[in-house]
Every structure is written in C-alpha cells, then in structure tokens.
Amino acid sequence: MEPENELIAQRREKLEALRARGVEPFGRAFQTLGSIAEVRHAFKEGESLRAAGRITAHRDMGKSHFVDVRDATGRIQAYFHEKEVGAEAMEIFNLLDLGDFIGVEGVCFLTKTGEPTLKVRKFEVLAKSLRPPPEKWHGLQDVEARYRQRYVDLVANEQSRETFQKRIAIVREIRRFLEDRGFAEVETPILQTVAGGAAAAPFSTHHKALGLDLYLRIAPELYLKRLLVGGFTKVFELNRNFRNEGISRKHNPEFTMLEVYWAYADFEKMADLIEELICNVAEKICGSLEIEHRDVDGEMVRTINLKRPWRRARYVDLVREVAGKDWFNISSEQRRARASGELKLEILPQLADFEVTQHVFEKLVEEKTFDPLFVTHCPKELVPLAKQNAADSSLVDVYELIINGVEMSPGYTELNDPDVQRQRLLEQAGEETQKIDEDFLLALEHGMPPAGGFGLGIDRLAMLFTGAESIRDVILFPLLKPKRD
RNA sequence: GCACCGUUAGCUCAAUUGGCAGAGCAAGUGACUCUUAAUCACUGGGUUAUAGGUUCAAGUCCUAUACGGUGCACCA
C-alpha cells in the first residue's frame with residue numbers, strides 16, 4: 001500500500017462525512033434523458049431535464065456555483081444555489097470534489113453569456129472519486145501514465161477522446177461498407193494448433209483438458225480460405241491477431257486486422273475494393289480525401305492525398321527508381337556494396353539476395369511514401385500464399401498498399417493449387433516443416449475457387465485518420481511491462 | 001537484444017558552472033448571487049524513480065536497477 005497523500009485523505013474524509021449525513025457516496029441507477037450530448041441536444045429553456053456525469057470543473061461565486069458535468073460525449077454546465085436546492089443539500093454539495101459522479105435534475109436556462117445551463121433542483125451523489133484528477137488545462141501529459149491509466153487519459157484529454165471516437169467510427173464504417181456489398185462477417189479460431197498465414201513468432205498457450213499445445217493466431221487467412229472451399233463467396237473477419245515480436249511505434253503484440261476474401265475475384269479487383277473502402281471511410285470520418293497531420297503545437301506536418309486513382313507501380317520499377325536502373329543487372333556483391341555504401345543502409349551479411357532488395361524497398365520506398373501507392377508484382381519469395389504471375393513465375397499477382405509510410409494493406413490473387421501451395425510453404429518453412437498446416441492443404445485439395453483477398457491493418461488505418469505518431473495512441477490499452485516498486 | 005534520452009508536489013512544468021528545491025493548477029481557509037482555465041487574499045503539500053558512490057556540498061557528476069520514449073535489430 002502506498003503512503004496516502006493529503007489529497008486522498010481529504011477525499012476519504014468527505015466520503016465519511018457523506019455517509020454520516022446518510023448519503024451513500026456510491027449511488028445506484030439514476031434515470032437520465034441520455035448522454036450529455038443528448039441532453040444538450042434536447043436543451044430547451046424552461047424544460048426540466050436529468051443528466052449525469054463527472055464533475056470536471058467548479059467555479060465558486062460564493063452563493064452561486066457553476067459546475068461542469070461531463071461524459072465521453074460532452075459537457076454541460078450546472079448551476080447550484082441554496083435557494084434552488086435547500087440548505088441541507090448545499091452541505092452535501094460542499095462535500096463533492098472534482099472527479100465525482102453526480103446526477104442532476106434541473107431547469108434549462110441560458111446564462112447572460114449564453115451558456116446552456118441546468119439550474120439544479122435536485123441532485124444525487126452517484127460515485128465519489130478518491131483520487132484527484134489531473135491538471136484541468138494541460139490534462140494528463142505523461143505518456144506512460146496515459147497508456148497505463150487510459151481511463152484517466154480519456155477523462156482528462158479531449159484529443160484522446162476524439163482519437164478513440166474516430167477509431168470506433170472507422171470500424172463501424174468498415175463493417176457497414178462490407179455488409180452493404182454482401183460480405184458476411186465470420187469468426188474463425190484464435191486458438192490454433194498451427195499458427196499459419198504469416199511468418200511471425202506466435203504466442204504459445206496450452207489447453208489443459210485436451211493436453212494440447214496451442215498458439216494464438218498470427219493471421220486468420222488459412223481459416224477464411226477454408227470457408228471459400230466450403231462455398232462462401234464473400235467473407236470477412238475483423239478481429240485481433242497476436243505476434244510475438246518486437247514492439248515499436250508501428251507494432252503492438254496484439255493488433256486488429258481486417259481480412260476480406262472474394263471468390264472469383266483477383267488482386268486488381270481487390271485493389272479497387274480497398275481503394276473504394278478507404279476513400280469511403282475517409283469521407284465519413286474526416287469529411288475529406290485530404291488528411292492533415294499536425295504536431296502537438298498544431299503545426300501542419302503533412303497532408304496525405306487520397307484522391308483516386310491511386311498510383312500503381314511494379315515492385316522492380318520502384319526499386320530501380322531509388323537504387324539505380326541497373327540494380328537487377330549487377331552482381332549480388334555489387335548490390336550489397338551499393339546498399340551499404342551509396343544508399344547508406346545497414347545490410348547484414350546473412351540476408352538473402354531478395355531480402356537485400358526488400359530492405360532497400362522498405363527503407364527507401366515504403367518509409368518515404370505517404371500518399372497511397374499500390375506496389376504490384378512482388379517477388380514470390382515474399383508472399384507464399386499468393387498465385388504466381390502467368391507471364392513471369394518469379395513474381396506473384398499481389399499488391400502491397402503503402403500509405404503514411406507503412407504497409408497498410410496486402411492484397412493477393414490467392415493461390416489455389418494445392419500442390420504448388422505445398423511446395424511454396426515447404427520452401428518457406430525450410431527446416432521447420434511442422435509449421436505446415438496439413439489440414440489447410442487438405443482443404444485446398446477439395447478445391448478452392450480462384451479468389452482475391454486483402455488484409456487491412458486497422459490500427460495503422462486509425463493512425464492515418466487521426467494523425468497519431470504511435471500505434472499505442474490508437475489502442476486503448478497497449479501492452480506495457482507491469483510497473484513494480 | 002543493442003544505443004541514446006527521460007523520471008522533481010496529486011497534475012503541468014522551473015531550478016545557471018555541483019551551492020538554501022520554486023511556480024501554476026488542484027487542495028484547505030476567507031471574500032464574492034451569471035462564472036467559463038472565474039477573480040482576489042492567506043495556508044499546507046517534496047526521501048528530486050530506486051539502491052549505492054564521489055564531494056565540504058548532488059535534482060545536477062559516477063555505477064547499477066526499474067519503468068517509459070525514440071532509433072536499430074526482429075517482424076515473408
């Protein structure tokens with residue numbers, strides 16, 4: 001138990017003082033008209049309304065008191081005066097603090113400055129806050145505290161509330177968009193016996209009753225494809241993936257991914273679909289296809305232009321643009337020398353040739369591209385679940401959509417030949433053949449229709465639309481090490 | 001895993017070359033019947049993240065630890 005500070009002790013004294021007066025400081029249900037936003041909407045001079053929320057400001061004028069009552073949807077001013085509530089209730093009022101929840105019933109009126117206000121007739125204490133809130137003007141600035149105690153961040157910081165409201169709206173609009181086009185939302189296993197569909201390290205767990213080692217999924221892809229085998233033609237899943245990898249500004253161990261599969265389509269049709277989807281969401285969320293990112297001082301950092309059509313370019317052409325026209329004609333040694341010399345990249349000796357090129361691509365194309373860019377016809381080694389290109393089997397029919405300097409969405413023409421799929425997975429797995437999902441290959445042998453599919457990183461999309469610099473700013477409770485004293 | 005930076009009152013921030021740890025908000029008391037970051041007066045509040053070290057003297061220098069931030073590595 002931490003030593004109690006003066007402010008907490010005072011609040012506990014008030015808590016007991018309330019009880020001594022027969023007032024339960026942790027109240028019960030309180031009928032209101034609705035959220036504070038709804039109360040403000042219903043505001044009409046002379047009408048009596050009921051609202052509930054947290055006290056976030058108190059302006060004491062002696063006999064008159066003005067109090068801000070707030071919830072996640074907004075703020076409304078309440079006016080307290082002994083003449084309206086009586087002397088006994090004012091004694092209760094004096095035992096309230098910033099942060100306490102109250103329910104009020106009062107008459108709508110406009111102050112002389114025009115502020116919509118409830119003239120309180122009756123009020124109830126709904127919950128006492130035993131901890132003082134952060135500074136009212138600057139809010140909670142400490143980054144660590146904002147992540148660990150998101151509830152305090154949400155109470156104190158308008159910007160944080162806006163960010164998460166936007167994220168909620170993004171997810172809602174994506175679901176609506178896909179539902180409108182006949183895609184069915186499905187749920188596939190998060191606990192998997194083989195963690196397939198991507199190459200990341202999984203989290204391990206264990207089922208006691210079955211004595212079975214399991215993994216948290218790193219991707220839903222292989223199960224969604226089983227549904228194509230089963231006859232579904234338009235499906236999506238929007239849920240959490242888990243990857244046991246490093247944490248960064250762009251990576252959280254659990255993150256939200258949308259995956260969409262469409263039978264008889266291909267990667268180009270999927271590119272059209274994601275373009276339409278993201279533009280649709282942008283219009284709804286930001287009201288514009290020009291997304292402005294600003295720093296903490298409100299200075300413009302960049303504008304991202306989502307106006308269609310989005311640029312589509314081949315992987316090799318993009319690499320040539322940054323690494324030289326002759327990049328693919330020179331020797332492996334020359335490429336490594338150029339990458340670590342002229343291009344100033346760190347190239348580890350154990351990298352395979354295609355990984356050296358991929359490194360150049362990631363550092364010099366991906367991280368520097370902010371407006372949407374579809375990168376097409378990637379080398380097949382990078383994407384073992386996509387169909388090879390008919391004209392050049394060293395390439396796959398895919399796009400990688402880059403926006404805001406990150407990989408936002410991969411889209412494939414899905415590989416549906418079970419024998420080729422087995423071969424590609426074996427090449428990928430190397431020694432670790434136990435990682436092959438045999439049941440998935442069995443499903444493909446039953447016949448999977450040609451199909452297009454895409455993934456969409458929801459956290460990264462939320463970063464795009466909110467201008468957040470870190471993925472932790474768009475995840476309500478990002479993973480942190482537990483704090484110990 | 002590696003490197004650099006940060007951690008001062010409940011919160012937001014100061015503290016010069018190593019020389020008495022300060023302010024605003026919040027809190028307490030008092031004044032004020034329309035305030036909007038209300039205003040005015042007074043008061044209380046600190047083991048400077050933790051553990052050591054150097055020094056006459058450490059928030060400041062050194063070592064270690066914890067947590068966080070950023071970058072690198074990892075992540076088809």
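Fair warning: this is a prediction, and the values are worked out from it, not measured in the lab. Just so we're on the same page: letters track the sequence lines, and every chain starts at 1.
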### Query
Rounding to the closest angstrom, what is the interatomic distance between A58(B) and G53(B) at atom P?
12 Å

With a cut-off of 3.5 Å and sequence neighbours excluded, list every side-chain donor-acceptor pair involving residues 81-92 of chain A.
{"unit_1": "H81(A)", "atom_1": "ND1", "unit_2": "K83(A)", "atom_2": "N", "d": "3.0"}
{"unit_1": "E91(A)", "atom_1": "OE1", "unit_2": "R21(A)", "atom_2": "NH1", "d": "2.4"}

### Message
Give me the distance, rounded to whole Å, that separates U55(B) from C62(B) when you measure between the P atoms they each carry.
### Response
16 Å

### Query
Applying a 3.5 Å limit to both distances, which nucleotide forms a Watson-Crick or G-U wobble pair with U16(B)?
none

### Query
Between U36(B) and C61(B), how far is it from one P atom to the other, in whole Å?
44 Å

### Query
Below 4.0 angstrom from OP1 or OP2 of G69(B), is there any side-chain N or O of R472(A)?
yes

### Query
Per the atom types in the model, does the base of U35(B) pair as donor or acceptor with the side chain of S64(A) at under 3.5 Å?
no

### Message
Classify Y147(A) by what it touches in the nucleic acid, base, sugar-phosphate, or nothing, heavy-atom distance under 4.0 Å.
### Response
sugar-phosphate

### Query
Do the numbers put R226(A) on top of the ring of Y223(A), so that NZ or CZ is under 6.0 Å from the six-membered ring centre and no more than 45° off the axis?
yes

## Note on the structure
Contacts of S248(A) and L480(A) projected onto RNA chain B by closest heavy atom; the upstream (5') one is L480(A)

### Message
Tell me whether the count of non-hydrogen atoms from other residues, nucleotides or ligands lying under 6.0 Å of CZ in R240(A) goes above 12.
### Response
no

### Message
For a quick check, tell me whether the side chain of T111(A) and the base of U36(B) share a donor-acceptor pair closer than 3.5 Å.
### Response
yes

#### Entry: Ionic contact status for R336(A) with D353(A), cut-off 4.0 Å
yes

### Query
Once you round it to whole Å, what is the distance between P of A66(B) and CZ of R148(A)?
14 Å

### Query
Contact class for K363(A) vs. all strands (heavy atom < 4.0 Å): base, sugar-phosphate, or nothing?
sugar-phosphate

### Message
Using atom P in both nucleotides, what's the gap between A49(B) and C11(B) to the nearest angstrom?
### Response
13 Å

### Message
Can you tell me the base-pairing partner of U65(B)? Count Watson-Crick or G-U wobble geometry only, both distances below 3.5 Å, and say none if there is no partner.
### Response
A49(B)

### N-O pairing of D419(A) and R422(A) below 4.0 Å
no

### Query
Hey, is the side chain of E144(A) pairing donor to acceptor with the base of U7(B) inside 3.5 Å?
no

### Pairing partner (Watson-Crick or G-U wobble, both distances under 3.5 angstrom) of A21(B)
none

### Message
From CD of E115(A) over to P of A37(B), roughly how many Å is that when rounded to an integer?
### Response
10 Å

### Paired nucleotide for A9(B) [Watson-Crick or G-U wobble; both distances under 3.5 Å]
none

### Message
Could you tell me the Watson-Crick or G-U partner of G30(B), where both distances fall under 3.5 Å? Say none if there is no partner.
### Response
C40(B)

### Task
Determine the contact category for A198(A): base if any of its heavy atoms lies under 4.0 Å from a base atom, sugar-phosphate if only primed atoms, P, OP1 or OP2 are that close, otherwise nothing.
base

### Task
Could you let me know what C72(B) is paired to, Watson-Crick or G-U wobble, both distances under 3.5 Å, or none if it's on its own?
G1(B)

### Query
Can you tell me how far C1' in A14(B) sits from the matching atom in A51(B), rounded to whole Å?
27 Å

### Query
What integer distance in Å separates L140(A):CG from U7(B):P?
17 Å

### Task
Enumerate the residue pairs fulfilling side-chain hydrogen bond (donor to acceptor under 3.5 Å, both in side chains) with a member in residues 152-163 of chain A, sequence neighbours excluded, ordered by first and then second residue.
R146(A)-D153(A), R150(A)-D153(A), D153(A)-N157(A), D153(A)-S160(A), E158(A)-R161(A)

### Task
Grab the CD-C1' distance between E6(A) and G44(B) for me, whole Å please.
6 Å

### Message
Rounding to an integer number of Å, can you tell me how far R75(A) CZ sits from U35(B) C1'?
### Response
11 Å

### Query
Partner of A58(B) by Watson-Crick or G-U wobble geometry, both contacts under 3.5 Å, or none?
none

### Query
Given D68(A), which of R54(A), K136(A), R75(A) fulfils the salt bridge (Lys or Arg N to Asp or Glu O under 4.0 Å) condition?
R75(A)

### Task
Could you check whether Q141(A) gets within reach of a base, just the sugar-phosphate, or nothing at all, counting any heavy atom under 4.0 Å?
sugar-phosphate

### Task
Using a 4.0 Å heavy-atom cut-off across all strands, classify E346(A) as base, sugar-phosphate, or nothing.
sugar-phosphate

### Query
Is the closest basic N to carboxylate O distance between D417(A) and K387(A) below 4.0 Å?
no

### Task
Could you state the atom-to-atom distance from NE2 of H251(A) to P of U70(B) in whole Å?
13 Å

### Query
Base, sugar-phosphate alone, or nothing: which one does F255(A) contact when heavy atoms must sit under 4.0 Å apart?
nothing

### Message
Distance check, C1' atoms only: C32(B) and C13(B), in whole angstrom units.
### Response
31 Å

### Summary
ring-ring contact (aromatic ring centres under 6.0 Å, His included) with H65(A): of F80(A), F93(A), Y79(A), only one passes, and it is F93(A)

### Message
Without decimals, in angstroms, what is the distance between H359(A) NE2 and C75(B) P?
### Response
11 Å

### Task
In plain terms, say whether E16(A) and R12(A) are close enough for a salt bridge, that is, a side-chain N and a carboxylate O under 4.0 Å apart.
no

### Task
Looking only at side-chain atoms of K481(A), point me to the closest of U33(B), G68(B), C34(B).
G68(B)

### Task
For C56(B) versus U39(B), give the span between their C1' atoms, rounded off to a whole number of Å.
48 Å

### Task
May I ask you to decide whether E268(A) forms a salt bridge with R312(A), counting only side-chain N to carboxylate O separations under 4.0 Å?
no

### Task
Check every strand shown and say whether G197(A) touches a base, only sugar-phosphate, or nothing at a heavy-atom separation below 4.0 Å.
base

### Task
Any strand is fair game: report the nucleotide pairing with U35(B) by Watson-Crick or G-U wobble, both distances under 3.5 Å, or none.
none

### Query
Reckon R59(A) has a side-chain N or O less than 4.0 Å from the OP1 or OP2 of A37(B)?
no

### Query
Taking the same atom, C1', in A31(B) and in G46(B), what whole-Å distance lies between them?
31 Å

### Message
Taking 4.0 Å as the cut-off, does a side-chain nitrogen or oxygen of K250(A) come that near to OP1 or OP2 on C72(B)?
### Response
no

#### Entry: Whichever of K83(A) and Q358(A) has its nearest RNA chain B nucleotide further upstream toward 5'
K83(A)

### Query
Hey, does D142(A) reach any base, or is it just sugar-phosphate, or nothing, if we go heavy atoms under 4.0 Å?
sugar-phosphate

### Query
Could you give the CG-to-P distance, from D473(A) to G68(B), as a whole number of Å?
15 Å

Sort me out a list of protein N/O and nucleotides 23-26 of chain B N/O pairs below 3.5 Å, or just none if empty.
{"unit_1": "C25(B)", "atom_1": "O3'", "unit_2": "K136(A)", "atom_2": "NZ", "d": "3.3"}
{"unit_1": "A26(B)", "atom_1": "OP1", "unit_2": "K136(A)", "atom_2": "NZ", "d": "2.6"}

### Message
Need one value for K112(A): base, sugar-phosphate or nothing, where a base atom within 4.0 Å counts as base even if backbone is also close, heavy atoms only.
### Response
base

